[in-house]
Protein chains: 2
Amino acid sequence: MSGGELKLVEAEEPDDHDYRLQEQVGFILRKAHQRHVSIFASQIGDLTPPQFAALAKLHDVGETSQNQLGTLIAMDAATVKGVIDRLKARGLVDLTKHEVDKRRLLVNLTPEGREAIERLIPLARAITQETLAPLTAKEAATFMRLLAKLA
Amino acid sequence: MSGGELKLVEAEEPDDHDYRLQEQVGFILRKAHQRHVSIFASQIGDLTPPQFAALAKLHDVGETSQNQLGTLIAMDAATVKGVIDRLKARGLVDLTKHEVDKRRLLVNLTPEGREAIERLIPLARAITQETLAPLTAKEAATFMRLLAKLA
DNA sequence: TTGATATCATTTGCATACGAATGAATTTGG
DNA sequence: CCAAATTCATTCGTATGCAAATGATATCAA
């Protein structure tokens, strides 16, 4: 009887005690991202991951508008503007107005920007490898597949 | 012969063309994190994930120093200070000086902070579920195991 | 004990990141 | 054709996130 009551109390108890921050996907995702950024910085000190992403995508697709570039690298308009401004200040991209659609700002790699991204791509491969280093090759493949489903 | 030469050229060619930003772990990790933060904001609009993490950890361990709390929730000293300052401004935590070690700043939940975190924990569970929703239960378990190894 | 070290917190500077508001230019629908 | 809606870019405000420098306090070691 008293056992039954105890069970009932336990069942009704809001299991706040069971909430473990360290096991929540958001918390671990944030830490994994932090670790990656740290690895990135150790290999490529003078460019941030978003800056690298912008250069890599420009290298890939060529001239695009600032907003379109933002879409391609998953940055909103306000964020991409800051990134591009800083790349421009360093002479890695240049900006021209679109002749026909005067709203658009076209972004291009400069020769220096092209040289930089081509030089850095091998390092980026190493960064990817180091980030995935705690996993076996098979685990890494599984992880990438599942991560892609989440993103 | 010309076939052999061609093969040689291909083998030596730096495969920059093969670099796909969208397939790099860092890029997808950043996108997955963005998605999670967006889900979090849709469920808990008036608190950020770092603010929630601070409250949840305080609820878990009770009084701690600001730096210690930062360690527990993976934030450096400068970042945790900003988070705690904003929680204090909203009356969710209060700060007292450590009696013995005058360097330390002790952080505590206020009654309002305790009420808030206990009210939000069920929502946080829903956020975790929604974040993992693209995966089956088995996939989610695998993903969490591998993600933990990376973080 | 005291001088060197280490720890805790703060501050500054820089770089994402995003919501919201704004203005300019384009496209669409009636 | 023209008013309404949309798109592109910018700006502002707020919130992480981290490196580096600084000041105060505590601890360690000679």
Side-chain angles (χ1 to χ4, degrees), chain A residues 26-27 29-42 44-55 63-90 92 95-107, chain B residues 26-27 29-42 44-55 63-90 92 95-107:
Chain A
F27 185 81
L29 219 36
R30 175 170 147 273
K31 287 216 302 176
H33 182 247
Q34 282 175 358
R35 173 170 168 271
H36 167 75
V37 171
S38 168
I39 290 170
F40 190 101
S42 74
I44 299 181
D46 68 340
L47 223 52
T48 64
Q51 288 167 2
F52 175 87
L55 294 183
E63 182 177 72
T64 32
S65 74
Q66 195 174 260
N67 260 18
Q68 176 61 18
L69 180 60
T71 299
L72 293 171
I73 58 181
M75 282 177 215
D76 74 7
T79 301
V80 81
K81 184 186 191 309
V83 173
I84 294 302
D85 280 354
R86 284 180 284 276
L87 291 176
K88 174 177 166 54
R90 293 176 52 176
L92 300 177
L95 306 176
T96 56
K97 287 179 192 162
H98 192 289
E99 285 298 315
V100 179
D101 187 340
K102 294 176 188 169
R103 295 169 304 178
R104 291 188 199 169
L105 190 61
L106 296 175
V107 189
Chain B
F27 185 81
L29 220 36
R30 174 169 149 272
K31 287 215 303 175
H33 183 246
Q34 282 176 358
R35 173 169 168 273
H36 167 74
V37 172
S38 168
I39 291 170
F40 190 101
S42 75
I44 300 181
D46 67 341
L47 223 52
T48 65
Q51 288 166 3
F52 176 86
L55 293 183
E63 183 178 73
T64 32
S65 74
Q66 196 175 260
N67 260 17
Q68 175 62 18
L69 180 60
T71 299
L72 293 172
I73 57 180
M75 284 177 214
D76 74 7
T79 300
V80 80
K81 183 186 191 312
V83 173
I84 294 303
D85 279 354
R86 285 180 283 277
L87 291 176
K88 175 178 165 55
R90 293 175 53 176
L92 300 177
L95 306 176
T96 55
K97 287 179 193 160
H98 191 289
E99 285 299 316
V100 179
D101 186 341
K102 293 175 187 169
R103 296 170 304 178
R104 292 188 198 169
L105 191 61
L106 296 176
V107 189

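Note that this is a predicted model, so its numbers are computed, not measured. Note that these values count all heavy atoms, side chains included, but never hydrogens, waters or copies made by symmetry. In what follows, chains are A, B, ... by sequence order, proteins preceding strands, each numbered from 1.
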I need the [atom1]-[atom2] distance between [X] and [N], as an integer number of Å.
{"X": "B:F40", "N": "D:dT16", "atom1": "CZ", "atom2": "P", "value": "10 Å"}
{"X": "B:L105", "N": "D:dT25", "atom1": "CG", "atom2": "C1'", "value": "14 Å"}
{"X": "A:I73", "N": "C:dC18", "atom1": "CD1", "atom2": "P", "value": "11 Å"}
{"X": "B:R35", "N": "C:dA17", "atom1": "CZ", "atom2": "P", "value": "17 Å"}
{"X": "B:Q51", "N": "C:dC18", "atom1": "CD", "atom2": "P", "value": "16 Å"}
{"X": "A:Q68", "N": "D:dT6", "atom1": "CD", "atom2": "P", "value": "19 Å"}
{"X": "B:I84", "N": "C:dA9", "atom1": "CD1", "atom2": "C1'", "value": "13 Å"}
{"X": "B:M75", "N": "C:dC8", "atom1": "CE", "atom2": "C1'", "value": "17 Å"}

Checking all strands, does [X] fall into the base, sugar-phosphate, or nothing category for heavy-atom contacts under 4.0 angstrom?
{"X": "B:V80", "value": "nothing"}
{"X": "B:V107", "value": "nothing"}
{"X": "B:V37", "value": "nothing"}
{"X": "B:D101", "value": "sugar-phosphate"}
{"X": "A:S38", "value": "nothing"}

Under 4.0 Å from OP1 or OP2 of [N]: is there any side-chain N or O of [X] that close?
{"X": "B:R30", "N": "C:dT16", "answer": "no"}
{"X": "A:R103", "N": "D:dT10", "answer": "no"}
{"X": "B:T48", "N": "D:dA15", "answer": "no"}
{"X": "A:Q66", "N": "D:dT10", "answer": "yes"}

Parallel, tilted or perpendicular, as decided by the 30° and 60° cut-offs, for the rings of A:F52 and A:F40:
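Perpendicular: the ring planes of A:F40 and A:F52 meet at over 60°.
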Salt-bridge criterion met for B:R104 and B:D101 (N-O under 4.0 Å):
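Between B:D101 and B:R104 there is a salt bridge, with a charged N closer than 4.0 Å to a carboxylate O.
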For the side chain of A:K102, starting at C-beta, report the closest nucleotide among C:dA25, D:dT25, D:dC18.
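My answer, after comparing the listed nucleotides, is C:dA25.
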